[in-house]
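Worksheet: the structure to be examined is printed underneath.
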Amino acid sequence: MLIKKPADIPSSEITPKSVYMNRRQFITGATVAAGGALAAAYTVSELTEPSTAAEANTKLSAVKSKYDTDEKQTPYKDITNYNNFYEFSTDKYGPAELARNFRTNPWQVKVGGAVGQKKTYDLDSLMKLATLEDRIYRLRCVEGWSMVIPWVGFPFSNLINQVQPTSKAKYVMFTTLWDPGQFPGQRAQVLDWPYTEGLRMDEAMHPLTLLTFGLYGETLPNQDGAPVRIVVPWKYGFKSIKSIVKIDFVGSEPPTAWNKATPNEYGFYSNVNPNVDHPRWSQATERRIGEFLKRKTLMFNGYGDQVASMYNGMDLKKYY
Ligand SMILES: Nc1nc2c(c(=O)[nH]1)N[C@H]1C(S)=C(S)[C@@H](COP(=O)(O)O)O[C@H]1N2
Ligand SMILES: [Mo]
């Protein structure tokens with residue numbers, strides 16, 4: 001985000017680099033996403049050939065959610081080939097290949113800070129906290145593009161309720177794995193690693209805030225933040241932190257990776273707001289990946305009816 005100018009991405013730039021893709025992810029994506037259209041580029045023998053790459057994503061069963069948008073969903077190939085994941089690369093086409101062998105098992109998430117019940121979850125125990133739901137959300141990147149992504153997860157509030165935060169807990173801080181052996185991006189000081197993010201308690205409790213394990217009905221592809229990330233659809237994409245290993249309930253606004261890097265560009269709140277420009281570009285419009293014409297960006301990314309009341313009385317130019 002620091003490196004590139006306002007993204008005004010012609011759809012020609014979004015051409016999937018399928019040659020770089022994990023073949024199995026490609027196949028599983030094709031079966032659920034595009035009814036085989038994506039797989040058409042491969043012959044049958046290629047499809048059945050044993051793969052040395054990471055394990056195929058597994059199916060997740062989820063119930064339908066009332067929070068879904070009915071907009072056209074962004075193709076799986078774009079969601080999994082055009083990524084922001086600076087731990088792997090600052091190039092959006094980089095993570096798909098570089099994340100291929102990322103180890104997501106075993107995985108632990110340590111939950112601590114101001115809680116009655118400190119807990120370390122493995123992925124299975126975390127996923128058992130609630131029934132998974134399908135959540136079709138818009139994701140608006142601060143760089144000016146957006147996607148519609150069918151996530152699978154459950155409200156983060158389910159976890160909050162289990163660990164019982166004390167009255168000292170005012171914010172939640174999330175931390176991504178630190179592992180320069182696996183994350184080539186962490187060998188350079190692109191950001192102050194590990195990536196951290198935060199939400200105010202009411203934002204974290206909001207039913208739209210999703211603890212996310214999958215997309216398109218399967219476990220998250222590594223490049224999309226496996227094995228567990230958060231998705232906060234009314235905020236710019238960088239709030240939706242990937243590959244989380246630590247969740248802390250804290251008393252004051254936690255440091256966040258992009259705010260530390262350039263505080264005048266990225267605030268703590270980072271609610272999608274067409275009326276507040278980024279210092280170097282406008283936030284009034286966005287390009288939906290796969291579309292040619294730009295759209296007007298909606299306040300709170302279109303989730304205003306559900307979230308605006310949390311910010312009543314706040315000057316959103318000051319708390320950007
Ligand atoms: N740990 C971590 N989380 C991250 C990022 C990152 O670089 N590292 N990029 C963010 C940004 S800027 C965006 S737009 C979204 C992109 O998610 P996607 O690649 O699954 O579409 O992830 C967010 N979460
Ligand atoms: Mo982003």
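Computed from a prediction, not measured in an experiment: that's the story for all the values here. Whatever order the structure lists them in is the order used to number ligands and atoms, beginning at 1.
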Sub-4.0 Å heavy-atom approach of Ser240 to ligand 1: yes
query: Are Tyr86 and Trp193 an aromatic pair by the rule of ring centers under 6.0 Å?
result: no
task: Determine whether the side chain, the backbone, both or neither of Phe238 has a heavy atom under 4.0 Å from any heavy atom of ligand 1.
output: both
message: Under 3.5 Å between any N/O of Tyr82 and any N/O of ligand 1: does that happen in this structure?
response: no
- request: Report, as yes or no, whether the 6.0 Å neighbourhood of atom CG on Asp305 holds more than 12 heavy atoms from other residues, nucleotides or ligands.
  value: no
- prompt: Phe174 ring centre to Lys242 NZ or CZ under 6.0 Å, with the angle to the axis within 45°?
  reply: no
task: Below 4.0 angstrom from a heavy atom of Ile241, which ligand 1 atoms are there? Numbered from 1 as shown, please.
output: 3 (N), 24 (N)
- line: Residues Ala169 and Ala114: closest non-hydrogen pair is CB-O, 3.7 Å
field: Tyr303 six-ring centre to Arg138 NZ/CZ under 6.0 Å and within 45° of normal
entry: yes
message: At under 4.0 Å between heavy atoms, is it the side chain or the backbone of Glu197 that contacts ligand 1, or both, or neither?
response: neither
- request: Consider every N or O of Asn83 and every N or O of ligand 1, then say whether any pair is closer than 3.5 Å.
  value: yes
query: Would Lys235 and Glu203 pass as an ion pair if we require N to O under 4.0 Å?
result: yes
message: For atom 21 (O) of ligand 1, tell me which residue out of Asn81, Asp224, Ile289 has the closest non-hydrogen atom.
response: Asp224
- prompt: Are any of the side-chain nitrogens in Arg295 or Glu71 under 4.0 Å away from the carboxylate oxygens of its partner?
  reply: yes
Sub-4.0 Å atoms of ligand 1 with respect to non-hydrogen atoms of Cys141: 14 (S)
task: State the atoms of ligand 1, each with its element, that fall below the 4.0 Å cut-off from a heavy-atom position in Thr176.
output: 1 (N)
